[in-house]
Amino acid sequence: MSAARRLAVLLLAEALLCSAATRFQDVLNHGSTTPVTSYKKLQGWSSDQNKWNEKLYPFWEEGDPRWKDCWKGGRVTAKLDSDSPALVGSNVSFVVTLQLPKCQTEDNDGNIVYRRNCTQDPPASMDQQVYVYNWTEWTDNCGWENCTSNHSHNVFPDGRSFPHHPGWRRKNFVYVFHTFGQYYQTTGRSSAKFSVNTANISLGEHVMAVSIYRRGHSGFVPVARAKTVYSVTDKIPLIVSMYQKHDRNISDSIFIKDSPITFDVKIHDPSYYLNNSAISYKWNFGDGSGLFVASGSSTSHTYTLQGNFTLNLTVQAIIPVPCKPVTPTAPPPTSAATTRPSSDSDSSPTVESEEDNPDGGCHIYRNGYYGSSITVVEGILEVNIIQMTSIQMTESQAENSLVDFVVTCQGSLPTDVCTVVSDPSCQVSKSVVCDPVAVTDECLLTIRRAFEEPGTYCINITLGDDTSQALASALISVNGGASSRTTEGVFIFLGLLAVFATIGAFVLYKRYKQYKPIERSTEQTEKQEGFTTYFSSFKAIFFPNSTERNPLLKSKPGIV
C-alpha cells in the first residue's frame, strides 16, 4: 500500500472516529432545539461541536430507569429562570435552583442533610434524624496536588480542569448551560447564577438548557435537567401603570372624565444597561391635546371629554458607546472627514446607528413603544356630607342612637353606598355597611346608621357606580341613651313653661278684651301690634318649630 493510500485511510478512520464521538450538542440539545449553523462567539463560551466525555459524565435519555436511583430520597428537579426580555447589548441573567426531595437541605459545607424523621412531632433526636451525604470526604483527606488517583476526576465534560479557588470543595454540582450553539460550564452548590451579554446574540427567542451533575467518588451522576425560553430585542422593554383617584378598577382601562390620570413608566433593565443614557418620553394621549415630551418616567393627564381614546408612548434612549476606529476606504474622501451613521454589516437583524456627540464620544439610539385603548366615562368625582341629624328615640330604644347623614355628590349617579364606622383616628374599623341605592334625579340621599354606644366616631361614606367611587369623611359625637334622657327632661321643663305662658296670655287677653273700645284709635292699633310682636317672640322662644316641619327639608330624599 502506497504512502498516499495509507494516509487517506488514516484520515478516513479519524473522521469516522470523530463523527462517532459524543458532542456537547448531542447531550445538551435534548432533541428539542434546532442546531445553529452560524453564530457569533459568546465571550467565555465554547462551541457545542466539542467532544463530551461520556465516560466521566454519562448521558441518560428521559425515561431511563437510572433516573429513579440517582438520588437517595426521591427525584431531584431543577428550576431555571431568566430576567428576559433583554435589550440587545445588555446582560441577561439566569438562575437555576435545585429542588431537593422532602426533608433534604444543603448545609454550609455543601453537604446534603437528610432528615429521616422530619414528619414526626416532636422530631426525633439529631442522632436519629440527620444523615449527611459527604461527597467530598476523599478530598478532605488530601490536597489539590496530592490526590493523584482522582486528579482526572476534577475536570469538566470537555476535559478542562475545575477552577482552583477558595471553597471549591463545597461545590458538589457541575452545571453545563447550552444556548445559541455554544456551552458554558461551571461548578456550584444547589443553586447557580450567571449572566451573558447579548451583543452577539441574534434578535428573537432562544432556548437556554442546563444539565446538572453531582460529584461522585469515581465519576459524575446526572441529577436534573431544565430549560427556559428567553428573548433578545432591540426595543426597550417597558410597561405603563395607570392610576386615578376615583377609579374603581385600575385594570379595566376605563377612567373618569375631569379627573387626572397618573401614568408611570417602568423600563425593564435589570442589568442597568441604560444607566448612563439620556431617556425621553413622548406622549400622545389621543384626545387632540398634541404631543407631550417629558424627561421623567411619570406624568399625568386629564381627559375632559367622554369617549374612546388611543394612548401612544415612545421612549427613546441615547446610549453612549465607545467609538469604532476609523477604517480608511478607497477612494479617499475629497472633503473633510465626518462620522456618519453606520450599521453593523453582520447578517444579524440588530442595527446600531452611531453618531458623534459634542464631547467626541459616540452613542446609539434605542426606542421602546407602548399603546393602549382608553375609555373615559362620567364618574363620581366628589362626595359631601351636608347634614347630620340625631333621631329622637323612645325609652325602649335608648341603648341605640340613630343618625341621619344627608349626602350629595358630583358627577354620575351612584348605585351603591358603603359606610365605614371607625375609631376617632379613622384607623380601626368597627363596622361596615353597604347597600344598593336608586337615585334617579339628582345625587342627594339620606343614609341612616345606628350606633350601639356613645362616643366619638370617624365616618367614611363611599358612593360608587360600576366604574368609579368617591368618599367623604366626618367625625361625629354620639351621646346615646344619656342624651335621650336629658332631652326628655328638657321637654318636660319646656312643657311646664308653656302651660304658665298660656295661663298668663289668657289673663292678659281677658283684661285687654274687657276694656277694648268699639273703634280703635291709631295709638291703640300700634299698642296692639307691639303686643302681638312681643307675644310672637315669646312663642318663638318656648315653642320652636320642629325640624320635621322645616320647609327646607320638605325635599329630603328617601332614607337608606
Side-chain angles (χ1 to χ4, degrees), residues 24 27-28 30 42-46 48 50 52-54 56-60 67 70-84 91-101 104-114 132-140 144 147 150-180 182-197 207-228 230 270-271:
F24 275 77
V27 176
L28 302 177
H30 308 314
L42 301 180
Q43 185 177 2
W45 290 59
S46 305
D48 62 4
N50 291 346
W52 174 281
N53 188 346
E54 191 173 2
L56 191 60
Y57 290 84
F59 169 66
W60 300 339
W67 283 107
C70 70
W71 191 277
K72 184 177 178 62
R75 182 73 184 270
V76 176
T77 58
K79 183 180 181 182
L80 180 62
D81 296 310
S82 77
D83 58 8
S84 81
N91 291 338
V92 57
S93 297
F94 297 88
V95 177
V96 57
T97 304
L98 291 179
Q99 298 174 336
L100 304 177
Q104 296 187 21
T105 57
E106 184 183 38
D107 64 12
N108 294 331
D109 294 326
N111 298 310
I112 303 301
V113 178
Y114 173 44
V132 177
Y133 295 102
N134 191 347
W135 291 329
T136 59
E137 182 179 2
W138 59 272
T139 62
D140 293 336
W144 179 271
C147 296
N150 294 291
H151 182 69
S152 61
H153 184 53
N154 301 320
V155 295
F156 288 111
D158 61 358
R160 280 182 282 186
S161 299
F162 288 163
H164 188 194
H165 53 76
W168 67 274
R169 292 191 179 101
R170 295 187 177 92
K171 297 184 177 182
N172 295 320
F173 297 95
V174 174
Y175 296 86
V176 185
F177 298 91
H178 180 244
T179 189
F180 208 57
Q182 299 165 73
Y183 69 89
Y184 173 80
Q185 52 196 7
T186 185
T187 58
R189 300 182 61 178
S190 59
S191 64
K193 178 180 180 180
F194 78 101
S195 300
V196 57
N197 189 269
V207 175
M208 175 67 73
V210 61
S211 294
I212 304 103
Y213 288 77
R214 70 168 174 85
R215 188 199 303 269
H217 289 285
S218 59
F220 293 85
V221 180
V223 293
R225 294 173 183 166
K227 60 183 178 180
T228 188
Y230 68 99
S271 65

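Any value given below was found using the heavy atoms of this structure, including those in side chains, with hydrogens, waters and symmetry copies removed. Since this is a predicted model, take the numbers as computed values, not measurements. Throughout, residue positions are numbered sequentially from 1 according to the sequence presented.
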Answer with yes or no after comparing the ring centroid distance for Phe177 and Phe94 against a 6.0 Å cut-off, counting only values under it.
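Not close enough - the centres of the two rings lie 6.0 Å or further apart.
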
Side chains of [X] and [Y], heavy atoms from C-beta outward: is any pair under 4.5 Å?
{"X": "Lys227", "Y": "Thr179", "value": "no"}
{"X": "Val196", "Y": "Trp45", "value": "yes"}
{"X": "Lys171", "Y": "Phe162", "value": "no"}
{"X": "Trp60", "Y": "Val221", "value": "yes"}

Can you list everything that forms a side chain to side chain contact (heavy atoms under 4.5 Å, CB included) with [X]? Sequence neighbours excluded, please.
{"X": "Ser195", "result": "Asn91, Ser93"}
{"X": "Ser84", "result": "Ser82, Val92, Tyr230, Ser231"}
{"X": "Asn50", "result": "Phe24, Ser46, Tyr183"}

Check whether [X] reaches the backbone of [Y] with its side chain - one donor and one acceptor, N or O, closer than 3.5 Å.
{"X": "Tyr213", "Y": "Gly219", "result": "no"}
{"X": "Glu106", "Y": "Arg189", "result": "no"}
{"X": "Asn172", "Y": "Gly110", "result": "yes"}

Where do Ile112 and Leu100 land on the side-chain contact (heavy atoms from CB on, under 4.5 Å) test, with the steps shown first?
CA-CA 9 Å; Ile112 303 301; Leu100 304 177; 4.0 Å; yes

As an exercise, state the distance from [atom1] of [X] to [atom2] of [Y], rounded to the nearest 0.5 Å.
{"X": "Arg225", "Y": "Trp67", "atom1": "CZ", "atom2": "CH2", "value": "4.5 Å"}
{"X": "Lys193", "Y": "Thr97", "atom1": "NZ", "atom2": "OG1", "value": "10.5 Å"}
{"X": "Leu56", "Y": "Asp158", "atom1": "CG", "atom2": "CG", "value": "11.0 Å"}
{"X": "Thr77", "Y": "Leu98", "atom1": "OG1", "atom2": "CG", "value": "8.0 Å"}
{"X": "His178", "Y": "Ser211", "atom1": "NE2", "atom2": "OG", "value": "10.0 Å"}

Report the C-alpha separation of Phe220 and Arg214 in whole Å, then their side-chain angles, then the decisive distance to 0.1 Å, and conclude whether the side-chain contact (heavy atoms from CB on, under 4.5 Å) test is met.
CA-CA 6 Å; Phe220 293 85; Arg214 70 168 174 85; over 6 Å; no

Could you walk me through whether Phe156 and Val176 satisfy the side-chain contact (heavy atoms from CB on, under 4.5 Å) test, starting with their C-alpha distance in whole Å, then the side-chain angles of each, then the deciding distance to 0.1 Å, before giving a yes or no?
CA-CA 9 Å; Phe156 288 111; Val176 185; 5.8 Å; no

Does a donor on one side chain and an acceptor on the other come within less than 3.5 Å for Gln43 and Asn197?
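Side chains of Gln43 and Asn197: no pair found under 3.5 Å.
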
List the atom of [X], the atom of [Y], and the distance in Å for their closest heavy-atom pair.
{"X": "Val155", "Y": "Tyr57", "answer": "O-OH, 2.6 Å"}
{"X": "Ile212", "Y": "Phe173", "answer": "CG2-CD2, 4.1 Å"}
{"X": "Ala224", "Y": "Ala78", "answer": "CB-CB, 3.9 Å"}

Kindly determine whether Thr186 and Phe194 satisfy side-chain contact (heavy atoms from CB on, under 4.5 Å), including the steps that lead there.
CA-CA 9 Å; Thr186 185; Phe194 78 101; over 6 Å; no

